[in-house]
There are 2 protein chains.
Amino acid sequence: MEKEITIYDIAKDVGVSPTTVSRALNHHPAVHEKTKKKIFDAVLKMGYQSNIFAANLRTKRTNNIGVIVPRLNSNFQSSVLAGMEKAANEAGLNLIISQSLESFEKEKANANTMFNSRVDGLLVSLASDTENIDHYKPFLRKGIPLLFFDRIAEQSGCTGIVIDNIQAALNATNHLIEQGCKRIVHVLGNIKINVYADRLKGYKYALLENEMLFDPSLIILSDLNEEAGEEIISKIMKLNPLPDGLFVSNDACAASCIRHLKLEGIRIPEDIAVVGFNNDVISRLVEPNITTVNYPGYEMGELAMKNLIKHLDKPNEGMLENTNKITLRSDLIIRKSSKKEISL
Amino acid sequence: MEKEITIYDIAKDVGVSPTTVSRALNHHPAVHEKTKKKIFDAVLKMGYQSNIFAANLRTKRTNNIGVIVPRLNSNFQSSVLAGMEKAANEAGLNLIISQSLESFEKEKANANTMFNSRVDGLLVSLASDTENIDHYKPFLRKGIPLLFFDRIAEQSGCTGIVIDNIQAALNATNHLIEQGCKRIVHVLGNIKINVYADRLKGYKYALLENEMLFDPSLIILSDLNEEAGEEIISKIMKLNPLPDGLFVSNDACAASCIRHLKLEGIRIPEDIAVVGFNNDVISRLVEPNITTVNYPGYEMGELAMKNLIKHLDKPNEGMLENTNKITLRSDLIIRKSSKKEISL
DNA sequence: TATTTTTATGAAATCGGTTGCTTAATGTTT
DNA sequence: AAACATTAAGCAACCGATTTCATAAAAATA
């Protein structure tokens with residue numbers, strides 16, 4: 001238990017007032033260079049460490065940004081976080097991260113903790129369970145910038161950062177149709193999540209554009225994890241006639257599907273062409289490489305954080321009401337798993 | 001800008017002193033139940049929110065735990081973080097996370113930020129660049145619990161949580177030898193990191209045990225990412241005679257190697273048996289499934305956090321000096337990529 | 001009933017920077 | 001040289017919860 005050095009100690013040592021020390025440390029212009037130098041020398045000599053609590057208490061700022069994600073251990077989410085961390089770090093901000101584990105209750109609890117921790121801003125990707133966003137009202141009321149990413153709250157009036165899931169799914173489906181697919185199965189996650197709802201829309205639009213009928217029996221709901229492939233494929237194998245295209249809303253799951261399709265003796269892409277989503281590492285490593293939608297997680301995280309930071313300095317502008325939705329570019333990356341022409 | 005409600009406002013409303021309000025909120029026994037009830041009613045009615053800065057300023061606790069990892073967007077690390085977050089959340093602690101991006105300088109900067117943010121404890125996995133751990137001395141001096149995980153500082157005297165990398169690599173290599181491999185290539189990362197240094201040891205020990213000679217030309221250094229496979233395989237193809245076993249220190253890289261070996265027309269496991277490391281999702285999805293070492297990231301994170309928490313309440317015990325190393329169990333998971341016998 | 005113990009509460013100092021206001025010293029203008 | 005502007009620095013209040021010490025009221029004991 002060493003005694004803490006305060007600005008008062010520094011002040012006494014240098015022979016100035018605590019005010020001047022405080023000003024010097026914050027590079028206030030009204031401190032003479034010579035005095036400043038003396039103060040910084042003393043700071044170094046005495047091993048002074050600023051007490052952020054005292055500072056926070058006055059300035060009402062923590063320099064902490066809260067982030068709530070559904071899961072930390074997801075390829076996509078951790079890329080987003082990496083991007084956020086970089087941007088935050090560059091701006092001298094800390095990241096407080098928590099996960100909702102897809103539970104509404106836990107998300108509420110986390111939001112509450114964040115609020116009580118007085119984060120300066122909050123970035124959220126919603127849990128699949130989340131039914132309303134009332135738990136973020138305290139932030140809005142207090143004018144704390146709140147921004148959603150990926151899994152956004154459409155109605156909320158808050159800014160959301162997304163990719164155009166409709167367009168991406170449309171492109172993916174169109175690509176399969178171009179490859180000659182007539183019966184395309186679409187595997188997606190919880191439809192309550194905007195992400196999956198939009199992709200389903202995109203899938204339907206593509207059918208419409210090509211004057212193909214939407215067949216509900218070709219839609220398979222799944223939790224899209226790496227084990228889901230077995231069950232999905234067993235469902236697919238029961239379809240009669242078999243589909244010739246498969247659009248899975250997640251690469252890990254697509255990989256799992258491919259694996260189980262191969263076990264059933266089905267050739268990819270000749271019998272069934274497959275498109276995934278995310279451009280995860282795995283899409284480049286399985287055989288055949290998976291055609292997928294590039295989902296720029298790192299960029300999304302960086303952009304979300306930078307956007308939030310922009311709003312930190314002007315509290316009057318409050319809840320990011322000027323821009324309401326930022327859409328990132330995402331392209332279809334065509335690989336072997338879907339290229340029927342070439343393999344014919 | 002709504003005015004903040006403080007305990008003074010509550011006190012005035014209820015007709016007691018701020019002292020009593022503070023006591024009531026902290027469930028101090030010396031507050032009459034009736035008074036307490038009145039206070040909590042007022043708290044609810046007035047929408048009071050505790051100001052943690054003021055509390056922190058007095059109690060000198062933040063309830064924040066810092067975590068420094070090399071990269072956020074790594075399968076293993078994000079699992080660790082998920083485990084940590086869970087344990088922290090249960091204990092009412094927040095996680096402040098930053099990444100060193102494998103840079104010594106950035107790690108130092110992050111450690112410094114953490115220190116200035118007055119985290120109550122710190123969990124670190126070292127960057128590959130890190131040459132010394134002097135930047136953690138301020139924590140030790142102040143008695144802030146510091147704990148390393150996975151990439152630990154051997155000499156430091158700080159507790160480290162690891163798996164037995166030597167034993168794991170020994171088992172993996174022995175397994176390949178049992179499958180009849182005579183020339184086993186080992187692909188590893190930066191040898192300065194304890195993790196890879198230990199695995200190399202394990203590999204050598206296995207050779208020794210089986211009276212096989214260590215051949216330095218069979219050791220390949222790599223950054224072990226998903227793109228590294230191509231280069232590694234081009235090196236391997238130049239070996240004469242070709243190896244018959246391959247032990248890669250990371251599943252994503254192993255998958256990449258398998259892919260490129262297959263492109264060269266080499267059969268797995270018949271021509272070359274492959275063992276990976278980590279038990280990443282990918283090891284279960286590529287063809288053939290990869291034999292790998294289970295690396296329990298989630299458990300490691302949970303354990304590390306729980307261990308740290310144990311030391312938070314007894315500041316006298318200081319720097320976790322009683323236990324010096326905690327080793328987690330990790331098993332070899334045998335899959336098709338290495339099973340020569342069965343495929344013969 | 002008088003005295004001691006227990007219980008419930010409050011006054012005031014404290015934690016350590018920050019900042020509005022004031023003042024002294026120096027520099028500039030006419 | 002007088003009047004004004006600028007620069008550098010300090011005083012003291014403040015942020016809001018916590019905590020030590022003191023005290024009034026109630027309960028227990030003699």
Side-chain angles (χ1 to χ4, degrees), chain A residues 1-43 46-64 92 115-118 120 142 313 315, chain B residues 1-40 42-43 46-64 92 115-118 120 142 315:
Chain A
M1 280 295 156
E2 295 190 7
K3 68 233 162 278
E4 292 266 339
I5 308 286
T6 71
I7 53 168
Y8 297 90
D9 302 319
I10 303 284
K12 207 181 295 167
D13 187 80
V14 179
V16 294
S17 75
T19 309
T20 305
V21 176
S22 171
R23 291 216 181 94
L25 293 172
N26 290 306
H27 299 283
H28 190 104
V31 178
H32 197 92
E33 275 305 322
K34 264 166 65 183
T35 323
K36 203 164 152 180
K37 168 111 180 41
K38 278 196 282 183
I39 289 171
F40 274 92
D41 286 350
V43 160
M46 304 175 72
Y48 164 79
Q49 185 202 3
S50 161
N51 185 320
I52 48 152
F53 309 141
N56 286 345
L57 180 57
R58 274 301 295 222
T59 60
K60 300 180 181 305
R61 254 194 161 225
T62 55
N63 291 320
N64 286 165
F115 187 68
N116 288 325
S117 304
R118 311 257 172 165
D120 290 342
K142 258 187 91 183
D313 305 316
Chain B
M1 278 295 157
E2 297 189 7
K3 69 239 161 273
E4 292 266 339
I5 308 286
T6 71
I7 53 169
Y8 297 91
D9 302 318
I10 303 284
K12 206 182 297 169
D13 186 80
V14 179
V16 294
S17 75
T19 311
T20 305
V21 177
S22 172
R23 291 217 181 91
L25 292 173
N26 291 307
H27 299 282
H28 190 104
V31 178
H32 197 92
E33 274 304 322
K34 264 167 63 184
T35 325
K36 203 164 153 181
K37 170 119 180 33
K38 278 196 281 183
I39 290 171
F40 273 93
V43 160
M46 304 177 71
Y48 165 80
Q49 185 202 2
S50 160
N51 186 320
I52 48 152
F53 309 142
N56 287 345
L57 179 57
R58 275 304 298 227
T59 60
K60 299 179 183 304
R61 253 196 162 222
T62 55
N63 291 320
N64 287 165
F115 187 68
N116 287 326
S117 303
R118 311 259 172 164
D120 291 341
K142 257 188 91 181

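Each chain gets a letter, A, B and so on, in the order its sequence line appears, and its residues count up from 1.
- In this structure, the CD1 atom of B/I52 is 15 Å from the C1' atom of C/dC15, given to the nearest Å.
- Atom OG of A/S50 sits about 13.5 Å away from atom CD1 of A/I5, to the nearest 0.5 Å.
- Atom CZ of B/R61 is separated from atom P of C/dG16 by 18 Å (rounded to the nearest Å).
- Regarding contacts with the backbone of D/dC15, every side-chain N or O of A/N56 stays at 4.0 angstrom or more from both OP1 and OP2.
- For the pair B/N51 CG and D/dG16 C1', the computed distance is 6 Å after rounding to whole Å.
- Closest contact between the side chain of B/N26 and the listed nucleotides D/dT18, D/dG16, C/dT18 involves D/dT18.
- Between the side chains of B/N116 and B/R118, not a single donor N or O lies within less than 3.5 Å of an accepting N or O.
- Heavy atoms of B/A30 sit under 4.0 angstrom from at least one base atom.
- For the atom pair CD (B/E33) and OG1 (B/T35), the distance works out to 8.5 Å, reported to the nearest 0.5 Å.
- If you check residues 10-25 of chain B against DNA chain D, the residues with a heavy atom closer than 4.0 Å are B/T19, B/S22, B/R23, listed by number.
- Distances from the side chain of B/T6 to the nucleotides C/dT18, C/dC15, D/dG16 place D/dG16 closest.
- Side-chain proximity of B/T35 to the nucleotides C/dT9, C/dT18, D/dG16 is greatest for C/dT9.
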Apply side-chain hydrogen bond (donor to acceptor under 3.5 Å, both in side chains) to A/N56 and A/T62, showing your working.
CA-CA 6 Å; A/N56 286 345; A/T62 55; 6.0 Å; no
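- Per the geometry, CZ belonging to A/F53 stands 13 Å off P belonging to D/dT18, to the nearest Å.
- Overall, the helix from C/dT1-D/dA30 to C/dT30-D/dA1 carries an axis bend of 30° between its ends, with five pairs at each end and the value rounded to 10°.
- A sub-4.0 Å separation between OP1 or OP2 of D/dA8 and a side-chain N or O of A/K36 is absent.
- Take the nearest nucleotide of DNA chain C for B/L57 and for B/H32: the residue whose nucleotide is more 5' is B/H32.
- Rounded to whole angstrom, the span from the NZ atom of B/K38 across to the P atom of C/dT9 amounts to 8 Å.
- Dashed line: the shortest gap from a side-chain N or O of B/K34 to OP1 or OP2 of C/dA8 is not under 4.0 Å.
- Contact check on A/K142 versus B/E4 returns a salt bridge, with a Lys/Arg side-chain nitrogen under 4.0 Å from an Asp/Glu carboxylate oxygen.
- When atom types are taken as modelled, the side chain of A/S22 and the backbone of A/P18 share no donor-acceptor pair closer than 3.5 angstrom.
- Nearest nucleotide to the side chain of B/Y48, out of C/dG17, D/dA9, D/dA17: D/dA17.
- The CD1 atom of A/I39 sits 10.5 Å away from atom CZ of A/R23, with the distance rounded to the nearest 0.5 Å.
- For the pair A/Q49 CD and C/dG17 P, the interatomic distance rounds to 9 Å; values are reported in whole Å.
- Base contact: A/Y8 has a heavy atom under 4.0 Å from a base atom.
- A side chain to side chain contact (heavy atoms under 4.5 Å, CB included) with A/I7 holds for exactly one of A/L25, A/N51, A/T19; it is A/L25.
- The separation between A/E33 atom CD and D/dA8 atom P is 9 Å, rounded to whole Å.
- Regarding B/H27, its NE2 atom lies at a distance of 12 Å from the P atom of D/dT18, rounded to whole Å.
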Could you check B/T20 against B/S17 for side-chain hydrogen bond (donor to acceptor under 3.5 Å, both in side chains), going step by step and ending with a plain yes or no?
CA-CA 5 Å; B/T20 305; B/S17 75; 3.3 Å; yes
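- Side-chain contact of A/H27 with A/K36: a donor-acceptor pair under 3.5 Å is present, judged by distance alone.
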